[in-house]
Colleague: 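I'd like to ask some things about the structure below.
Just so it is clear, the values below take in all heavy atoms, side chains as well, and ignore hydrogens, waters and symmetry mates. Below, chains carry the letters A, B, ... as their sequence lines are ordered, and counting in each starts from 1.
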Amino acid sequence: MKYWLMKSEPDVFGSEQLQAMPKKISAWDGVRNYQARNMMRDEMKKGDQVFLYHSSCAEPGIVGIMQVVKEAYPDHTALDPEAKYFDPKSDPDHPRWFMVDVQFKRQLQRTISLQELKQHALQLGDFILLKKSNRLSIMSVTAAQWSYILKLESDPTSR
DNA sequence: GCCAACGTTGGC
DNA sequence: GCCAACGTTGGC
């Protein structure tokens with residue numbers, strides 16, 4: 001089983017919206033970046049655990065935990081001219097963009113903010129999220145990073 | 001294949 | 001709203 005982090009603006013895939021979905025399951029559509037797509041398409045497996053990260057908001061940070069419940073399949077919104085992330089070069093016979101289904105598992109007891117994560121940069125090692133001007137919306141997380149962050153969640157002395 | 005122009009991301 | 005960094009596009 002692998003671990004991941006997926007970024008979204010709260011009003012696109014926010015923890016509240018995800019929890020309101022039937023069975024708390026949602027397709028993670030709209031990824032239009034090749035590196036992120038490749039990870040979703042080639043490496044994400046059913047059962048993988050995912051941190052939900054809120055970006056471009058008052059307090060960017062990790063807010064919840066999701067699970068991959070359906071492996072990559074073509075992102076049909078790329079073919080819909082009305083869709084926000086319509087891609088005119090997309091071809092139904094050779095899909096260019098893919099998505100997975102994720103199920104929201106739980107909200108963290110508190111947001112582990114980017115600011116707090118930065119203070120643990122040393123312990124988190126080579127954490128892609130903390131790399132300067134990193135814009136990747138999907139990234140892998142090591143088992144060590146995963147458990148370290150979960151420990152932060154319940155550590156009242158950290159902040 | 002180069003590279004300038006452009007659009008997007010995302011923290012601040 | 002600003003702006004640095006980055007990815008993509010397209011002319012050459």
Colleague: Identify the 5'-most and 3'-most nucleotides of DNA chain B with at least one atom closer than 4.0 Å to a non-hydrogen atom of chain A.
Modeller: B/dG7 to B/dC12
Colleague: Salt-bridge test for A/D42 and A/R37: reply yes if a basic N is under 4.0 Å from a carboxylate O, no otherwise.
Modeller: no
Colleague: Starting at the 5' end of DNA chain B, which residue's closest nucleotide do you reach first, A/Y85 or A/Q115?
Modeller: A/Y85
Colleague: When you check the gap from the basic side-chain N to the acidic O, do A/R32 and A/D87 get nearer than 4.0 Å?
Modeller: no
Colleague: Between A/S133 and A/R32, which is nearer to the 5' end of DNA chain C once each is assigned its nearest nucleotide?
Modeller: A/S133
Colleague: Which is more 5' along DNA chain C, the nucleotide nearest A/K89 or the one nearest A/Q35? Just name the residue.
Modeller: A/Q35
Colleague: Looking at A/D75 and A/D29, would you say the former's side chain and the latter's main chain have a donor-acceptor pair under 3.5 Å?
Modeller: no
Colleague: Have a look at A/V102 and tell me which of A/K24, A/M6, A/Q67 forms a side chain to side chain contact (heavy atoms under 4.5 Å, CB included) with it.
Modeller: A/M6
Colleague: Can you confirm if the aromatic rings of A/Y73 and A/W97 lie within a centre distance of less than 6.0 Å?
Modeller: no
Colleague: Bend across the helix from B/dG1-C/dC12 to B/dC12-C/dG1, to 10°, with axes taken over 5 pairs at each end?
Modeller: 10°
Colleague: Below 4.5 Å, heavy atoms only, C-beta onward: do A/L18 and A/F13 meet side chain to side chain?
Modeller: yes
Colleague: State, with a plain yes or no, whether a side-chain heavy atom of A/Q49 is found less than 4.5 Å away from one of A/V141.
Modeller: no
Colleague: Just checking A/K131: base, sugar-phosphate only, or nothing, at a heavy-atom cut-off of under 4.0 Å?
Modeller: nothing
Colleague: Let me know which of A/N134, A/I149, A/T142 forms a side chain to side chain contact (heavy atoms under 4.5 Å, CB included) with A/F127.
Modeller: A/I149
